[in-house]
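Scroll down for the structure; my scribbles are underneath it.
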Amino acid sequence: MEKYNPASLEKKWQDKWFGENSFRATEDAGKDEFYCLEMLPYPSGSCHCGHLRNYALGDVLARFKSMNGFNVIHPMGFDAFGMPAENAAIAHGARPDQWTYSNIENMERQLKRMGLSYDWEREAITCNPDYYRWTQWLFELFYKRGLAYKKEAAVNWCDSCGTVLANEQVIDGKCWRCDHEVHKKNLAQWFLKITDYADELLADLDKLKGWPERVRIMQENWIGRSEGAEFSFAVENSDDKIPVYTTRPDTIFGVTFVVLAAEHPLVEKLISGQPNEVELRSFVETVKNMSDVEKTNADTEKKGMFTGVYAVNPINNKRVPIWVTNYVVYEYGTGAVMGVPAHDERDWMFATKYNLEKILVVDNPKKPLDINEMDNAYIEPGLMVNSGSFTGTDSVKGKRAVVDWLEKNNVGKRKVNYHLRDWLISRQRYWGAPIPIIYCDKCGEVLVPEDQLPVLLPTDVEFKQGALSPLSTSKSFNDCTCPKCGGHAHRETDTMDTFICSSWYYLRYTDPHNDHAPFDRDKVNYWSPVDQYIGGIEHAILHLLYSRFFTKVLRDAELLDFDEPFTNLLCQGMVIKDGAKMSKSKGNVVSPEEIIDKYGADTARLFILFAAPPERDLDWSDQGVEGSFRFLNRVWRIVNIFSEYFSDEAYSVEGLTVEEKNLRRVMHRTIKKVTEDIGERFMFNTAISSMMELVNEMHVFQDKPLNGALAREVVSSLLRMLAPFVPHITEELWSKFFDGSVHKQSFPTFDEAAIVEDEVEIVLQINGKVRGRMTLPRGLDREAIEKLALTQSRVKELTSGKTIVKVIAVPDKLVNVVVK
RNA sequence: GCGGGCGUGGCGGAAUCGGCAGACGCGUCGGACUUAGGAUCCGAUGUCCUCGGACGUAAGGGUUCAAGUCCCUUCGCCCGCACCA
């Protein structure tokens with residue numbers, strides 16, 4: 001028998017598959033399509049184990065669906081713009097495009113070595129002008145629809161990356177990419193109006209039944225919708241007003257102070273001229289200089305100073321002091337808050353510290369409260385008290401009543417607030433898609449005409465860390481003529497956030513070579529939405545939220561006809577080794593290519609699918625890899641042994657020996673298990689373990705005669721079941737003993753009748769403890785098993801002298817005799 | 001603090017609807033084959049045991065004929081959000 005030699009046979013089949021593009025997807029209206037997608041990688045240089053896991057999962061599903069008759073599209077590409085390419089340029093003068101394309105070349109080679117069933121003709125590389133031309137075109141579409149605008153704002157700035165960041169890219173006050181502290185900077189920047197879609201993005205989360213609950217909840221929290229009211233306090237002896245936002249209008253009579261964020265525009269006016277102006281100003285400066293992390297941490301001690309000025313509560317004309325504090329978030333709501341110490345924990349702490357008045361306005365209906373005996377705020381709903389004409393109203397109803405009053409008296413209105421902010425998309429970096437805007441002295445902001453797209457990246461630039469956008473150093477790029485008036489103009493020198501590029505790539509795959517539109521509407525509608533998306537949880541908000549936003553805008557622009565881009569989402573766990581995530585700094589990195597060199601891609605794939613269920617973190621084990629390799633050798637050997645028995649004659653089940661019947665039953669059982677584990681449960685690990693059981697069962701016949709037709713049937717089923725997991729070895733063995741490609745065969749089907757055994761073992765329990773077993777024909781009813789169980793000597797022995805209280809019989813499973 | 005998840009042998013993990021806990025793999029031990037084995041094949045492997053059994057799914061309690069699974073309390077770990085008014 002020839003030895004199993006993965007290196008040569010894997011190469012052979014890869015050359016064939018990718019040489020003829022075996023996995024080409026073509027539209028076929030007569031077939032159900034299945035869009036299987038894994039998150040596209042950043043071309044960092046080489047694939048890591050997380051990639052291997054992600055893509056192996058997708059590949060099993062794509063191949064499985066294809067064998068089940070679906071018209072599968074399974075594309076791959078590269079999210080190729082971004083900082084690392086530019087950093088390479090800064091560090092050692094590499095050209096970002098050359099650096100990127102050589103990384104892509106290497107990673108494509110590695111992906112092919114993994115035997116992944118991609119249709120490479122559909123590849124999308126986001127830094128190709130053919131691609132970013134349409135990214136720019138989409139920006140213009142957003143602009144024309146009023147969804148892209150430039151404004152000056154305090155934005156997140158990362159010194160280390162030398163660029164601004166979107167809110168979603170700031171994690172714990174630090175840059176998502178380089179982990180450096182982010183600070184605020186006032187700049188004029190481009191934004192996409194994602195907040196216009198906040199309500200729909202929130203509501204449609206309910207449609208995403210195929211998404212993990214935690215991802216939906218994270219998005220829900222991120223959008224952070226809250227309903228309340230906005231109204232204004234008048235500043236005493238002045239025309240100024242202080243608008244505040246509250247979700248508790250029912251507590252409006254309990255306001256005893258108003259608090260402003262240090263950044264609030266009115267602060268300067270209020271404090272100037274106060275006797276303690278110097279002290280106040282110094283406090284305001286201290287708060288302004290606090291880092292965002294410190295400022296937004298609930299544990300930071302609440303501090304404040306009385307400005308010396310009073311405000312007037314519009315509902316009862318009560319005069320309350322205005323304080324400036326460190327605990328109001330300037331960016332949320334109006335940057336000013338009404339202080340209701342009796343019914344808000346933060347206000348309680350603040351009022352206690354500075355000895356401010358507390359007024360109870362919502363009482364506990366079950367147990368009346370006394371403000372002097374409370375030791376924290378009462379935040380539950382209840383009965384309104386001390387609230388003028390609202391006294392006695394249920395506080396939930398009171399919310400509405402108070403807002404009605406505010407609206408009627410023209411001092412306030414209903415207001416919905418979101419945590420979600422507009423998406424800041426400009427980046428002061430080179431390696432991204434240029435924003436297709438021209439600034440003309442006469443005409444102002446002008447879109448680059450569509451027929452002049454793409455706005456190409458220039459090559460005459462200087463790369464410098466922390467400088468302005470490198471594009472501004474290019475004369476050829478900067479100077480241009482105005483498309484409207486033909487006069488002198490200059491270009492926008494910022495590029496777009498790379499998350500824009502990856503917000504629509506899955507749509508481009510459906511029509512990757514289109515040169516008159518980003519994609520054709522019929523094609524995108526045929527293939528999309530993505531039936532199964534697979535990737536890491538780190539994109540729970542960023543990429544997944546942006547992509548949903550894009551899809552909705554493109555639907556409104558009638559470019560496509562669906563609301564949500566990804567019907568089902570699977571978030572795979574991390575790959576761990578020695579108790580920590582694999583990372584260069586920890587020195588616990590395993591390179592997939594190393595494993596492929598040593599054992600072959602099939603072993604690498606099998607191990608990573610077998611070691612843990614997809615969503616759980618996976619512990620890398622070198623010995624576990626050996627085990628997977630051993631299994632494939634066992635398959636190789638037993639299939640070759642079985643092939644000696646092969647015959648084409650049909651067999652009759654009755655004519656089989658007991659052991660042959662058992663093998664046949666295990667085969668059917670395994671097909672059922674594998675079909676359900678892949679198709680319904682995403683439990684690839686148990687699918688593999690059941691196939692291992694089948695292979696173990698086959699070993700009974702390694703030195704025992706076996707019906708040739710059954711041998712053939714078992715091997716055929718096994719190879720077809722294994723094919724999605726280990727495509728090379730199965731293709732090789734299939735080609736030796738059968739016709740065509742194993743990957744073009746249909747997935748084996750099972751016969752439920754072939755799985756059931758004639759006889760079943762029934763567990764005998766006394767008081768719930770297993771005390772024996774009996775073998776009975778299957779399908780007996782309750783009464784029959786119960787009767788039979790009571791005649792068993794073991795049961796008689798253990799129940800003698802005791803009273804049988806009850807007997808529970810579960811057909812084909814167990815009998816439990818309850819005795820006293 | 002709020003939200004979500006998890007806790008099962010020496011290890012990774014099974015147990016899908018409340019019905020035999022520990023499938024499958026790793027490791028370990030034993031056997032066969034062999035000049036040899038770190039190859040291959042076969043077998044054993046939760047703990048304790050007086051060999052009858054007893055105990056056992058983070059801890060404690062509850063429901064049930066029956067609980068890893070359902071309910072309550074506690075502990076521990078992981079992830080996300082966090083002064084959002």
Side-chain angles (χ1 to χ4, degrees), chain A residues 171-172 212-222 224-226 228 244-248 251 259 261 295-302 325-329 331-340 343-347 349-350 379 417-420 537-538 540-541 573-574 576 606-607 610-613 615-628 630-631 633-634 637 673 676-677 680-681 683 685-696 699 702-703 761-773 805-810 812-819:
Chain A
I171 315 287
D172 288 335
E213 196 195 5
R214 60 178 168 150
V215 176
R216 296 203 309 256
I217 290 173
M218 280 161 76
Q219 292 214 353
E220 191 181 320
N221 291 341
W222 186 259
R225 184 181 198 274
S226 80
V244 298
Y245 173 73
T246 181
T247 55
R248 293 293 305 272
T251 65
V259 273
K295 218 190 305 188
T296 54
N297 186 345
D299 296 334
T300 303
E301 199 195 352
K302 290 167 186 37
T325 71
N326 66 350
Y327 80 94
V328 174
V329 179
E331 288 79 13
Y332 185 78
T334 60
V337 177
M338 63 182 205
V340 186
H343 305 290
D344 182 277
E345 283 175 35
R346 297 151 300 186
D347 296 344
M349 278 189 265
F350 189 73
I379 56 172
N417 257 333
Y418 300 92
H419 173 259
L420 182 73
I537 187 78
E538 66 273 17
I541 294 180
M574 286 187 301
I576 304 283
L606 188 71
F607 168 73
F610 177 60
E615 302 206 71
R616 207 184 292 191
D617 285 350
L618 181 152
D619 220 24
W620 186 272
S621 148
D622 292 331
Q623 285 164 333
V625 179
E626 295 263 3
S628 294
R630 204 145 47 214
F631 171 68
N633 276 287
R634 266 165 82 76
R637 184 172 163 274
K673 171 90 175 142
E676 291 173 354
D677 279 358
E680 292 160 31
R681 300 204 313 143
M683 292 285 281
N685 55 328
T686 52
I688 293 168
S689 69
S690 68
M691 289 187 284
M692 287 173 166
E693 286 179 81
L694 173 60
V695 169
N696 289 345
H699 275 73
Q702 60 186 313
D703 47 14
E761 195 174 63
I762 293 194
V763 171
L764 296 171
Q765 294 184 334
I766 310 289
N767 289 344
K769 305 232 179 220
V770 180
R771 283 294 177 266
R773 288 151 210 284
V805 182
K806 202 187 218 180
V807 181
I808 290 106
V810 183
D812 298 335
K813 280 225 170 96
L814 60 74
V815 178
N816 187 11
V817 183
V818 186
V819 295

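Note on naming: letters A, B, ... go to the chains in the order of the sequence lines (proteins, then strands), and numbering restarts at 1 for each one. Note that the structure is predicted; figures quoted are calculated from it, not measured.
- Shown here, B/rG9 is classed syn by the O4'-C1'-N9-C4 or O4'-C1'-N1-C2 angle, which is within 90° of 0.
- Inter-residue side-chain proximity for A/Leu814 and A/Gln765 is flagged as met; some heavy-atom pair is nearer than 4.5 Å.
- Nucleic acid contact for A/Val805: none, since no nucleic acid atom lies under 4.0 Å from a heavy atom of the residue.
- Taking only side-chain atoms of A/Glu761, from C-beta outward, the nucleotide of B/rC26, B/rC20, B/rG3 with the closest atom is B/rC20.
- Residue-level contact check: A/Asn816 touches the bases, meaning some heavy atom is under 4.0 Å from a base atom.
- Side-chain N/O atoms of A/Arg216 include none lying less than 4.0 angstrom from OP1 or OP2 on B/rG4.
- Nucleotides B/rG56 and B/rC42 have their C1' atoms positioned 30 Å apart, rounded to a whole Å.
- At a threshold of 4.0 angstrom between heavy atoms, the contacts of A/Thr300 include nucleobase atoms, whether or not backbone atoms are also involved.
- The partner of B/rG52, taking Watson-Crick or G-U wobble pairs whose two distances both stay under 3.5 Å, does not exist in any strand shown.
- In this structure, B/rA44 forms a base pair with B/rU28, meeting either the Watson-Crick or the G-U wobble geometry with both donor-acceptor distances under 3.5 Å.
- Here the rule is side chain to side chain contact (heavy atoms under 4.5 Å, CB included) with A/Ile537, and of A/Arg214, A/Met574, A/Glu615 only A/Arg214 fits it.
- In this structure the side chain of A/Lys673 reaches within 4.5 angstrom of the side chain of A/Arg681, judged on heavy atoms.
- Minimum atom distance to the side chain of A/Gln623 is reached by B/rG27, of the listed B/rG19, B/rG27, B/rC42.
- Within 4.0 Å of A/Asn633, counting heavy atoms only, lies no atom of the nucleic acid at all.
- As judged by a 4.0 angstrom heavy-atom cut-off over every strand, A/Lys769 is placed among residues touching the sugar-phosphate backbone only.
- Across all strands shown, B/rG80 is found opposite B/rC2 as a Watson-Crick or G-U wobble partner, with both distances under 3.5 Å.
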In the 5'-to-3' direction, what one-character label does each nucleotide of nucleotides 10-18 of chain B receive under the scheme B = base within less than 4.0 Å of a protein heavy atom, S = sugar-phosphate only, - = no such atom? --BSSSB--
Run the side-chain contact (heavy atoms from CB on, under 4.5 Å) test on A/Trp620 and A/Asp622 for me, step by step, so that the C-alpha distance in whole Å, both residues' side-chain angles and the decisive distance to 0.1 Å come before the verdict. CA-CA 7 Å; A/Trp620 186 272; A/Asp622 292 331; 3.0 Å; yes
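- The shortest distance between the side-chain N/O atoms of A/Gln219 and the OP1/OP2 oxygens of B/rG80 is not below 4.0 Å.
- Comparing the P positions of B/rG60 and B/rG9 gives an interatomic distance of 15 Å, to the nearest angstrom.
- B/rC78 has its base anti relative to the sugar, with a glycosidic angle deviating from 0 by more than 90°.
- Pairing of B/rA58, defined by two Watson-Crick or G-U wobble distances under 3.5 Å, is identified with B/rU74.
- Residue-level contact check: A/Arg773 touches the bases, meaning some heavy atom is under 4.0 Å from a base atom.
- Comparing B/rG4, B/rG19, B/rC24 by their nearest atom to the side chain of A/Arg214 picks out B/rG4.
- Taking atom C1' in both B/rU57 and B/rU47, one finds a spacing of 13 Å when rounded to whole Å.
- The residue among A/Ile808 and A/Arg248 whose nearest nucleotide of RNA chain B lies closer to the 5′ end is A/Ile808.
- In this structure, the nucleotide among B/rA85, B/rC42, B/rA23 sitting nearest to the side chain of A/Ser226 is B/rA85.
- Between the side chain of A/Asn816 and the main chain of A/Gly768, a donor-acceptor pair closer than 3.5 Å is present.
- Spacing between atom CD of A/Glu615 and atom P of B/rC6 amounts to 10 Å, rounded to whole angstrom units.
- A/Val819 is listed as a side-chain neighbour of A/Asn767, based on a closest heavy-atom distance under 4.5 Å.
- Residue A/Gly627 is classed as a sugar-phosphate contact, given heavy-atom separations below 4.0 Å to backbone atoms only.
- If you take atom C1' in B/rA39 and the same atom in B/rC78, they sit 41 Å apart, rounded to whole Å.
- Here the C1' atom of nucleotide B/rC41 and the CG atom of A/Asn696 are 12 Å apart, to the nearest Å.
- Judged by distance alone, the side chain of A/Asn326 and the main-chain N or O of A/Glu301 form a donor-acceptor pair under 3.5 Å.
- Taking atom P on both nucleotides, B/rG18 is separated from B/rC24 by 24 Å, rounded to a whole Å.
- Heavy-atom nearest nucleotides on RNA chain B were determined for A/Val818 and for A/Tyr418, and the one closer to the 5' end corresponds to A/Val818.
- For A/Glu345, the CD atom sits in a loose shell: 12 or fewer heavy atoms of surrounding residues, nucleotides or ligands are nearer than 6.0 Å.
- Of the candidates B/rA21, B/rC55, B/rC65, the closest approach to any side-chain atom of A/Lys806 belongs to B/rC65.
- If you check B/rA21 for Watson-Crick or wobble pairing at under 3.5 angstrom, you find it has no partner at all.
- A 3.5 Å limit on both hydrogen-bonding distances identifies no Watson-Crick or G-U partner for B/rU64.
- Summarising the base pairing, B/rG9 is matched to no nucleotide, lacking a Watson-Crick or G-U wobble pair whose two defining distances lie under 3.5 Å.
- As judged by a 4.0 angstrom heavy-atom cut-off over every strand, A/Arg771 is placed among residues touching the sugar-phosphate backbone only.
- Distance check on atom C1': B/rG27 versus B/rG22 gives 16 Å, rounded to whole Å.
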Hey, mind stepping through A/Arg634 and A/Met692 against side-chain contact (heavy atoms from CB on, under 4.5 Å) and telling me if it holds? CA-CA 9 Å; A/Arg634 266 165 82 76; A/Met692 287 173 166; over 6 Å; no
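- A/Tyr327 has its side chain out of reach of A/Thr300: every pair of non-hydrogen atoms, C-beta onward, lies at least 4.5 Å apart.
- Closest to the A/Arg634 side chain, of the nucleotides B/rA85, B/rC41, B/rG5, is B/rC41.
- If you check B/rG3, B/rC42, B/rC24 against the side chain of A/Met692, the one that comes closest is B/rC24.
- Using a 90° window around 0 for the glycosidic torsion, B/rG52 falls inside it and is classed as syn.
- Comparing atom distances between the A/Asp344 side chain and each of B/rG19, B/rA85, B/rA23 picks out B/rA85 as nearest.
- Nucleotide B/rC33: unpaired (no Watson-Crick or G-U wobble partner with both distances less than 3.5 Å).
- Whole-Å rounding puts the A/Glu331 CD to B/rA85 P distance at 15 Å.
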